[in-house]
Engineer: 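Quick one: the structure is below, questions incoming.
Predicted model, so just to flag it, every value in this text is computed and none were measured. Side chains included, hydrogens not; waters and symmetry mates left out as well; all remaining heavy atoms used. Whatever order the structure lists ligands and atoms in, that order sets their numbers, starting from 1.
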Amino acid sequence: MSDSKTILVLNGPNLNLLGKREPQIYGTQTLSDIEGLCKKTAKPCGLTVDFRQTNSESELIDWIQQSKHAAIIINPAAYTHSSIAIRDSLVQHSCPIVEVHISNIFTRESFRNESVISGISTGVVCGFGANGYMLAIIAVQALLENG
Ligand code: DQA
């Protein structure tokens, strides 16, 4: 899928477990619920969503390299804090890149306080639970429309 009206939404490791994974931190919505929320938010904006999850760093990098989407929204999960390789693949793109975290990584363990992705992201949404994905789509729509 690649066109000027499609947003690539990428989800990293362990996000397939949302709903049962530490619900006190990540809430009770499943990844499939979040996919539905993204699609519902994008539709009235005239946008479509290509929603993917993988536990593999190399698969994320392959998807980023192949992307011809209008924008990339990414929750790199634990790779946020370590993956220079994901950062290097994202930086090849000139489209809007929005980093999303369900939890507020700045109020958690110190090893989560640093993101190697934020420095090359257009913007970061973090700490609003699953609604962060919705906010990221609205931000992308505004960026695509108004720059
Ligand atoms: C996360 C935060 C990361 O620190 C963690 O490793 C995740 C999820 C979030 O969405 O809050 O897997 O990216």
Engineer: With no hydrogens and no angle check, just 3.5 Å: does a side-chain donor-acceptor pair link Glu57 and Asn55?
Structural biologist: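 No pair is found: no donor N or O on one side chain lies under 3.5 Å from an acceptor on the other.
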Engineer: Determine the interplanar angle of the His101 and His81 rings, folded into 0 to 90°, and report it as parallel if under 30°, tilted if 30 to 60°, perpendicular if over 60°.
Structural biologist: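 It falls in the parallel class, under 30°.
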Engineer: Any protein N/O atoms within less than 3.5 Å of an N/O atom in ligand 1? List the atom names and distances, or say none.
Structural biologist:
from: ligand 1; atom 1: 4 (O); to: His81; atom 2: NE2; distance (Å): 2.7
from: ligand 1; atom 1: 4 (O); to: Arg112; atom 2: NH1; distance (Å): 3.0
from: ligand 1; atom 1: 6 (O); to: Ala78; atom 2: N; distance (Å): 3.2
from: ligand 1; atom 1: 6 (O); to: Arg112; atom 2: NH1; distance (Å): 3.0
from: ligand 1; atom 1: 10 (O); to: Asn75; atom 2: ND2; distance (Å): 2.9
from: ligand 1; atom 1: 10 (O); to: Ile102; atom 2: N; distance (Å): 2.8
from: ligand 1; atom 1: 11 (O); to: Ile102; atom 2: N; distance (Å): 3.2
from: ligand 1; atom 1: 11 (O); to: Ser103; atom 2: N; distance (Å): 2.8
from: ligand 1; atom 1: 11 (O); to: Ser103; atom 2: OG; distance (Å): 2.6
from: ligand 1; atom 1: 12 (O); to: Arg21; atom 2: NH1; distance (Å): 3.1
from: ligand 1; atom 1: 12 (O); to: Arg21; atom 2: NH2; distance (Å): 3.0
from: ligand 1; atom 1: 13 (O); to: Asn75; atom 2: OD1; distance (Å): 2.8
from: ligand 1; atom 1: 13 (O); to: His101; atom 2: ND1; distance (Å): 2.8

Engineer: Check whether the side chains of Asn11 and Tyr133 place a donor and an acceptor atom closer than 3.5 Å, and report yes or no.
Structural biologist: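 Per modelled atom types, Asn11 and Tyr133 side chains form a pair under 3.5 Å.
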Engineer: Check whether the side chains of Glu99 and Ser118 place a donor and an acceptor atom closer than 3.5 Å, and report yes or no.
Structural biologist: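 Ser118 and Glu99 do have a side-chain donor-acceptor pair below 3.5 Å.
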Engineer: With a 3.5 Å cut-off and no angle check, do the side chains of Ser115 and Thr80 form a donor-acceptor pair?
Structural biologist: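 No.
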Engineer: Please check if the number of heavy atoms outside Glu114 that lie under 6.0 Å from its CD is greater than 12.
Structural biologist: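 Incorrect, the count does not exceed 12.
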